[in-house]
2 protein chains.
Amino acid sequence: MTGQRRAILKALEGDTTHPTADMVYHKVKKEIPHISLGTVYRNLKMLSESGHILEIEIADGPNRYDYRTEQHYHFHCDHCGFVYDVNLAYQQALNDELTQAGFLVSRHDIQFHGQCPKCQGQLSH
Amino acid sequence: MTGQRRAILKALEGDTTHPTADMVYHKVKKEIPHISLGTVYRNLKMLSESGHILEIEIADGPNRYDYRTEQHYHFHCDHCGFVYDVNLAYQQALNDELTQAGFLVSRHDIQFHGQCPKCQGQLSH
DNA sequence: ATATTTGCAAACGCTTTGCAAAATT
DNA sequence: AATTTTGCAAAGCGTTTGCAAATAT
């Protein structure tokens with residue numbers, strides 16, 4: 001466990017904005033100025049594979065990272081680009097339907113799109 | 001409407017394998033050998049924006065294209081990589097829950113992962 | 001002393017784009 | 001004749017990787 005990895009994990013802790021790798025890089029750079037972007041990518045990958053953080057795939061955009069690792073869904077605002085956590089129970093019933101059709105379902109993910117409360121009423125773009 | 005665009009659309013018609021842009025390119029190339037990959041990308045983009053085809057975002061992989069444009073979900077086999085259509089009703093109720101939370105939901109998408117019927121029982125990788 | 005990780009830069013895969021030539025309207 | 005689209009090649013973006021030096025075990 002190097003200082004870099006610790007700093008990356010700490011940067012994510014308590015951050016609910018779902019930052020991209022580049023955002024994490026700039027945040028950590030303030031503390032460790034000589035850190036490289038490659039190191040950030042490497043550690044985010046490792047940490048998500050070991051289950052310490054969550055990697056969120058965004059349609060048409062860089063991945064985002066989340067300290068909150070329990071399965072949950074996301075809402076992506078098409079106006080401001082912000083990614084919100086969605087308070088919605090895990091839809092196990094959907095998996096069950098696929099199981100009946102012969103699929104072995106390991107997981108599913110749901111992304112919502114639209115406008116967030118803050119952006120409603122504003123001209124889009 | 002050029003021959004290229006017509007050929008691209010025809011290549012997709014009746015194809016249920018959700019091909020990538022590159023797969024479409026190779027398929028159309030047999031008919032129009034001098035077609036370029038850029039043209040295929042440009043037309044797939046146009047056709048999906050005009051609603052003639054569907055662009056499917058795949059986590060960690062190239063986009064795939066579908067002649068079937070009604071909203072439907074997909075199952076991605078982690079073993080063979082094949083993308084299946086999922087026979088599942090549109091989950092409007094999920095949108096309604098987000099609406100109650102103040103979001104203006106324009107759409108949602110669900111991706112399932114696991115092993116398809118064909119790959120079950122085989123050693124993974 | 002050994003194994004792991006870093007910084008750097010180059011390469012990667014997928015997609016988009018600038019431009020002059022060609023095809024379409 | 002005016003507009004759109006093409007082929008080509010270069011560039012774009014996000015991400016991964018090879019390698020020698022530095023750090024951690």
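Because only heavy atoms are used, hydrogens play no part in the values below, and waters and symmetry mates are left out as well, while side chains stay in.
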> Bend across the helix from C:dA1-D:dT25 to C:dT25-D:dA1, to 10°, with axes taken over 5 pairs at each end?
Replying inline: 30°
>> I need the CD-C1' distance between A:Glu49 and C:dT5, as an integer number of Å.
In response: 16 Å
> In whole angstroms, how far is the P atom of D:dC13 from the CD atom of A:Glu57?
Replying inline: 20 Å
> Can you tell me how far P of C:dT4 sits from CE of A:Met46, to the nearest Å?
Replying inline: 10 Å
> What pairs with B:Glu55 under salt bridge (charged side-chain N to carboxylate O under 4.0 Å, His left out), at least two apart in sequence or on another chain?
Replying inline: B:Lys45
> Nearest-Å distance, CG (A:Asn43) to P (C:dT4)?
Replying inline: 15 Å
>> I'd like to check the ring pair (Phe, Tyr, Trp, His ring centres under 6.0 Å) partners of B:His18; sequence neighbours left out, ordered by chain and number.
In response: B:His74
>> Counting C-beta onward and ignoring hydrogens, is there a side-chain heavy-atom pair between A:Lys27 and A:Asp15 closer than 4.5 Å?
In response: yes
> Taking atom CG of A:Asp96 as the centre, does the number of heavy atoms from other residues, nucleotides or ligands within less than 6.0 Å exceed 12?
Replying inline: yes
>> Among residues at least two apart in sequence or on other chains, which ones pass ring pair (Phe, Tyr, Trp, His ring centres under 6.0 Å) with A:Tyr84?
In response: A:Phe82, B:Phe103
>> Expressed as a whole number of angstroms, how long is the span from A:His34:NE2 to D:dT23:C1'?
In response: 11 Å
>> Could you tell me how far apart A:Arg6 (CZ) and C:dT6 (P) are, to the nearest whole angstrom?
In response: 11 Å
>> Suppose the criterion is ring-ring contact (aromatic ring centres under 6.0 Å, His included): which pairs have a residue in residues 42-71 of chain B, not counting sequence neighbours?
In response: none
> Can you give one letter per nucleotide of nucleotides 10-25 of chain C, 5' to 3': B if a protein heavy atom sits under 4.0 Å from the base, S if only from the sugar-phosphate, - if neither?
Replying inline: ----SBB-B-----SS
> How close or far is atom P of D:dT5 from atom CD1 of B:Ile35, stated in whole angstroms?
Replying inline: 14 Å
> Which whole-number value in Å describes the distance from A:Arg5 CZ to D:dT23 P?
Replying inline: 16 Å
>> Using every non-hydrogen atom in the two residues, find where A:Cys77 and A:Gln115 come nearest and quote the distance to one decimal.
In response: SG-CA, 3.9 Å
>> Is there a path of hydrophobic side-chain contacts, each under 4.5 Å between heavy atoms, that joins A:Tyr90 and B:Phe75?
In response: yes
>> So for atom CD, which belongs to A:Gln100, do other residues, nucleotides or ligands contribute more than 12 heavy atoms lying within a distance under 6.0 Å?
In response: no
